[in-house]
Amino acid sequence: MKFFLPLSVFLLVLTGYVRAADDPAEGIKTATRVHEIFEAKCLDCHGPELPRPKGKFGYVLDLKRVAENPEYIEKGHPEKSELFKMVFNDEMPGEDANVPPLTKDEKDVVKRWIELGAPEAPQIAGDSSGASANKSVEAKPQMPVWKKALRWIGRMHPVSTHFPVALMFVAVFAEGIAWWTRRDSWLQTVRFLVILAALGAISAAALGWINAYFASYTGQLAPILKWHRWLGTGTAVWSIVCAGLVVINECREGSTERQRFRGALLLGAALVGISGFLGSALIYGLDHYAWN
Ligand code: HEC
């Protein structure tokens with residue numbers, strides 16, 4: 001009886017020690033791999049950017065939150081965890097997914113992760129280009145302040161794009177009035193609008209490059225980002241061409257220069273519209289103008 005208390009304390013400490021001993025390193029490694037697997041195979045339908053994630057489950061990369069949801073995970077018991085069962089039986093990612101089911105190896109990783117008590121993954125910084133394992137295995141250090149500031153500046157990209165979009169469209173409108181009224185004075189307005197649009201487009205494109213550097217779009221979204229990036233950059237360049245045409249030439253109504261400029265402006269407005277659409281598709285999905 002005398003030994004009971006110290007003994008039980010000893011046992012408690014021992015079990016705690018043993019658990020701690022096999023947990024952290026393996027836990028972090030496994031969680032990091034699970035994060036990578038989910039990023040590659042689940043993000044298309046359960047990503048945080050989606051307006052309507054499938055099954056109302058839009059946080060697949062937030063491993064902590066996933067682990068805390070008893071409907072998905074029963075810590076320590078993969079065979080009782082709904083998420084593992086779905087993945088194991090190839091129900092997730094489903095047949096209609098763009099990605100193949102998990103390999104046996106990947107299933108084992110998910111299983112092991114739940115056996116270990118579904119630990120959290122270390123903070124994984126923006127880039128996801130490397131599906132390669134060892135790249136993100138070591139925990140990433142905190143982002144330096146300048147980088148954080150840069151990331152914050154990049155977040156101004158979506159709001160900044162409203163300027164070139166609206167200004168180009170209004171420039172087309174003003175150019176339409178110029179054509180209709182045949183008044184040369186409207187050229188001043190068009191000039192003003194196109195120059196501002198070009199400045200806005202250059203800023204928006206620069207911010208876009210910064211924003212994309214910190215973003216991670218995988219699956220279906222990766223090619224959209226590529227198109228958006230290059231069309232957007234092209235649009236900025238084209239808007240400079242438009243500004244050049246309208247500034248350098250006298251552009252009297254009816255002249256060839258004016259017609260050339262008019263064509264360039266229409267093309268620029270179309271480009272800015274398409275780039276904008278692709279940009280919003282990154283956030284809301286390609287079908288965000290669907291009626292239903
Ligand atoms: C092609 C799209 C798609 C992919 C990829 C996908 N899922 Fe799903 N997922 C769905 C759909 C659709 C549902 C809703 C099914 C239902 O409610 O019947 C769902 C539901 C779920 C649910 C249940 C949500 C709930 O609360 O009902 C879990 C858990 C889940 N998925 C996990 C995953 C995991 C883990 C992956 C990656 C290994 C994955 N899914 C990949 C489409 C997908």
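In listed order, ligands and their atoms are each counted from 1.
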Any side-chain heavy-atom pair of T235 and I274 under 4.5 Å: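 The answer is no, as the side chains (C-beta and beyond) never meet within the 4.5 Å cut-off.
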
Polar contact flag for H46 and ligand 1 (N/O pairs, less than 3.5 Å):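 N/O-N/O distance below 3.5 Å exists for this pair.
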
Contact check: K41 vs ligand 1, nitrogen or oxygen atoms, below 3.5 angstrom: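 N/O-N/O distance under 3.5 Å: no.
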
Part of L102 with heavy atoms under 4.0 Å of ligand 1, whether side chain, backbone, both or neither: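 The answer is the side chain of L102.
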
Mode of E71 contact toward ligand 1 - side chain, backbone, both, neither (heavy atoms, under 4.0 Å):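 For E71, there is no contact with ligand 1 at all, from either part.
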
Could you check whether any side-chain N or O of [X] sits under 3.5 Å from a backbone N or O of [Y], counting only pairs where one atom can act as donor and the other as acceptor?
| X | Y | result |
| --- | --- | --- |
| W186 | E175 | no |
| H77 | E115 | no |
| N211 | L207 | no |

Heavy-atom protein contact below 4.0 Å for atom 15 (C) of ligand 1: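 Protein heavy atom within 4.0 Å of atom 15 (C) of ligand 1: absent.
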
Protein contact for atom 40 (N) of ligand 1 (heavy atom, distance under 4.0 Å):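 Flag for atom 40 (N) of ligand 1 set to true, protein heavy atom closer than 4.0 Å.
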
Numbering as shown, the atoms of ligand 1 that approach A97 to under 4.0 Å (heavy-atom distance):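 Matching atoms, with element in brackets: 1 (C), 5 (C).
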
Atom indices of ligand 1, in the order listed, that fall short of 4.0 Å to a heavy atom of Y72: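 Under 4.0 Å from Y72, ligand 1 has these atoms: 24 (C), 25 (C), 26 (O), 29 (C).
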
Candidate pair S160 and S203, rule side chain to side chain donor-acceptor pair (under 3.5 Å), full reasoning: CA-CA 7 Å; S160 74; S203 325; over 6 Å; no

For [atom], the protein heavy atom that lies nearest, with its residue and separation:
| atom | result |
| --- | --- |
| atom 11 (C) of ligand 1 | K54 CB, 3.3 Å |
| atom 23 (C) of ligand 1 | M86 CE, 3.8 Å |
| atom 19 (C) of ligand 1 | M92 CE, 3.1 Å |
| atom 35 (C) of ligand 1 | C42 SG, 3.6 Å |
| atom 3 (C) of ligand 1 | C45 SG, 2.6 Å |
| atom 17 (O) of ligand 1 | G55 CA, 4.4 Å |

Single-linkage hydrophobic cluster, 4.5 Å side-chain cutoff, I283 and L286 together: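 Result: no, two separate clusters.
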
Parallel, tilted or perpendicular: ring planes of W230 versus W209, cut at 30 and 60 degrees: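 Ring orientation, 0 to 90° scale: perpendicular.
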
Ring geometry between Y72 and F57 (parallel below 30°, tilted from 30 to 60°, perpendicular above 60°):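 If you compare the ring of F57 with that of Y72, the planes turn out tilted.
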
Close approach, E82 and ligand 1, non-hydrogen under 4.0 angstrom: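 Per 4.0 Å heavy-atom rule, E82 does not contact ligand 1.
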
Pair R112 + D108, salt bridge at N-O below 4.0 Å: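 No, no charged N to carboxylate O under 4.0 Å.
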
Smallest separation among heavy atoms of K147 and F214, with atom names: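 Minimum heavy-atom separation between K147 and F214: O-CZ, 3.6 Å.
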
